[in-house]
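For clarity, every value in this text was computed on a predicted model and none was experimentally measured.
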Amino acid sequence: MRLAYRLVTATAAAILLAGCTPFGQGSGSSSGDGAKGSGAEGSVGKASFDNNTKPVVKGTFDSPAVQGGKVDIAIMGLKVKGKLATLTVQFVPHVPGVEPNRMNAYGLNGRNGLNTSLIDPVNLKRYVVVKDSSGKELQTDEIFTQMTNDQPTSSFYTFAAPPDSVKSIDVQLGNWPTFRNVPVER
């Protein structure tokens, strides 16, 4: 018997003996009626997503994509969880004469990467987007995420979390002016 097959079989047997299902439900009720499951649910917390509906700060800037082009940029929030911080940004392009779904953040910034970063003016640090184990930046793709004229498109950028003592931070996006004193949510 191959080692990989033995390992899979042994792991499956251990999970079944522990009373767990493949989906982590355990043998208890998940209906919210107070019944306890395997105990794992309580330690993880409730699944959710960032859904800020009001921007922390916003501005309208020129876009070098075409003459007369503008872009509304709204910082929706910078939320820390554990050792990571996620920046949520919303772009609304106003670019005359461009076909629908033919815009992206790269083009709005004059065919340049945004190089999104957080700037800590107190500790004199600049935070750049973190990379995963394969070297891919943990952010919304600036080229392949298409935008529609006059419609909001959200982008997400993940950074190492600033220290607990940092209550606000500056955000730099592309060639546009720096957003100052963006609050750090914890």
Peer 1: Going hydrophobic residue to hydrophobic residue with side-chain gaps under 4.5 angstrom, can you get from V80 over to V89?
Peer 2: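 V80 clusters together with V89.
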Peer 1: Kindly indicate whether the side chain of V71, heavy atoms from C-beta on, has any atom under 4.5 Å from the side chain of V92.
Peer 2: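 No, their side chains stay 4.5 Å or more apart.
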Peer 1: Apply side-chain contact (heavy atoms from CB on, under 4.5 Å) to S134 and list each qualifying residue two or more places apart in sequence or on a separate chain.
Peer 2: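 Expected list: D132, K136.
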Peer 1: Taking all atoms of both residues into account, what is the closest heavy-atom pair of P55 and A74, and its distance?
Peer 2: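 Where P55 meets A74 most closely, the heavy atoms are CB-CB, 3.7 Å.
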Peer 1: Can you name the residues that form a side-chain contact (heavy atoms from CB on, under 4.5 Å) with V129, not counting sequence neighbours?
Peer 2: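 For V129 the side-chain contact (heavy atoms from CB on, under 4.5 Å) partners, ignoring immediate neighbours, are E137, Q139, Y157, F159.
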Peer 1: Quick one: does any side-chain atom of Q172 pair with a main-chain N or O of G174 as donor and acceptor, under 3.5 Å?
Peer 2: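 Yes; judged by distance alone, with no hydrogens or angles, the pair exists.
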Peer 1: State whether the side chain of T88 and the backbone N or O of F156 hold a donor-acceptor pair below 3.5 Å, judged by distance alone.
Peer 2: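 Here the side-chain-to-backbone pair does not exist.
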Peer 1: Taking the six-membered ring for Trp, are F179 and F61 parallel (under 30°), tilted (30 to 60°) or perpendicular (over 60°)?
Peer 2: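 If you compare the ring of F179 with that of F61, the planes turn out perpendicular.
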Peer 1: Where do Y127 and P162 come nearest, in terms of heavy atoms and distance?
Peer 2: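 Residues Y127 and P162, closest heavy atoms: OH-CA, 3.6 Å.
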Peer 1: Using a 3.5 Å distance criterion without hydrogens, assess whether the side chain of S63 forms a donor-acceptor pair with backbone atoms of L108.
Peer 2: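 Yes, because the side chain of S63 sits within donor-acceptor range (under 3.5 Å) of the backbone of L108.
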Peer 1: Would you list the atom pairs, donor with acceptor, under 3.5 Å between side chains in residues 109-122 and any protein atom, with sequence neighbours excluded?
Peer 2:
{"residue": "N109", "atom": "OD1", "partner": "N175", "partner atom": "N", "Å": "2.9"}
{"residue": "N109", "atom": "OD1", "partner": "N175", "partner atom": "ND2", "Å": "3.4"}
{"residue": "N109", "atom": "ND2", "partner": "N112", "partner atom": "O", "Å": "3.2"}
{"residue": "N109", "atom": "ND2", "partner": "G113", "partner atom": "O", "Å": "3.2"}
{"residue": "N112", "atom": "ND2", "partner": "N109", "partner atom": "O", "Å": "3.3"}
{"residue": "N112", "atom": "ND2", "partner": "G110", "partner atom": "O", "Å": "3.3"}
{"residue": "D120", "atom": "OD1", "partner": "V122", "partner atom": "N", "Å": "3.1"}
{"residue": "D120", "atom": "OD1", "partner": "N123", "partner atom": "N", "Å": "3.1"}
{"residue": "D120", "atom": "OD2", "partner": "N123", "partner atom": "ND2", "Å": "2.7"}

Peer 1: What distance separates T148 OG1 from R102 CZ, expressed to the nearest 0.5 Å?
Peer 2: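 Rounded to the nearest 0.5 Å, the OG1-CZ separation comes out at 12.0 Å.
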Peer 1: Is V66 linked to F91 within one hydrophobic cluster, defined over Ile, Leu, Val, Met, Phe, Trp and Tyr using a side-chain heavy-atom separation of less than 4.5 Å?
Peer 2: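 Hydrophobic grouping puts V66 with F91.
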Peer 1: Just so I know, are the side chains of N149 and M103 near enough to count as touching, which here means a heavy-atom distance under 4.5 Å?
Peer 2: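 Counting from C-beta outward, N149 and M103 do come under 4.5 Å.
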Peer 1: Using every non-hydrogen atom in the two residues, find where G68 and P96 come nearest and quote the distance to one decimal.
Peer 2: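 That would be O-CD, 4.1 Å.
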Peer 1: Looking at N104 and T145, would you say the former's side chain and the latter's main chain have a donor-acceptor pair under 3.5 Å?
Peer 2: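 No, the answer is negative, given that no donor and acceptor are paired below the 3.5 Å cut-off.
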Peer 1: For D62, does its backbone N or O pair with a side-chain atom of W176 as donor and acceptor, under 3.5 Å?
Peer 2: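 Flag set: sc W176 to bb D62 pair under 3.5 Å.
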Peer 1: Give a yes or no on whether V166 and I75 share a hydrophobic cluster (residues Ile, Leu, Val, Met, Phe, Trp, Tyr; joining criterion: side-chain heavy atoms under 4.5 Å apart).
Peer 2: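 Result: yes, single cluster for both.
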Peer 1: Any chain of hydrophobic side-chain contacts (each under 4.5 Å) joining L84 to V171?
Peer 2: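 They do not share one cluster, since no chain of ILVMFWY contacts under 4.5 Å joins L84 to V171.
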Peer 1: Between K58 and D72, is the closest basic N to carboxylate O distance under 4.0 Å?
Peer 2: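 Not counted as a salt bridge, because no side-chain N and carboxylate O are separated by less than 4.0 Å.
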Peer 1: Test side chain to side chain contact (heavy atoms under 4.5 Å, CB included) on Q90 and T153 and set out the steps.
Peer 2: CA-CA 5 Å; Q90 195 173 76; T153 300; over 6 Å; no
Peer 1: Less than 4.5 Å apart, side chain to side chain, heavy atoms only: is that true for T86 and L78?
Peer 2: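 No. Closest side-chain heavy atoms not under 4.5 Å.
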Peer 1: Any side-chain heavy-atom pair from P183 and V56 closer than 4.5 angstrom?
Peer 2: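 P183 reaches V56 side chain to side chain.
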Peer 1: Please check if any side-chain donor atom of H94 sits under 3.5 Å from a side-chain acceptor atom of D150, or the reverse.
Peer 2: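 Looking only at side-chain atoms, D150 and H94 do form a donor-acceptor pair, the distance falling under 3.5 Å.
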Peer 1: Measure the CZ-NZ distance between R186 and K81 for me, rounded to the nearest 0.5 Å.
Peer 2: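 The distance works out to 14.5 Å.
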Peer 1: Same cluster or not: I143 versus M147, using hydrophobic residues (I, L, V, M, F, W, Y) connected whenever any side-chain heavy atoms lie under 4.5 Å apart?
Peer 2: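 Hydrophobic grouping puts I143 apart from M147.
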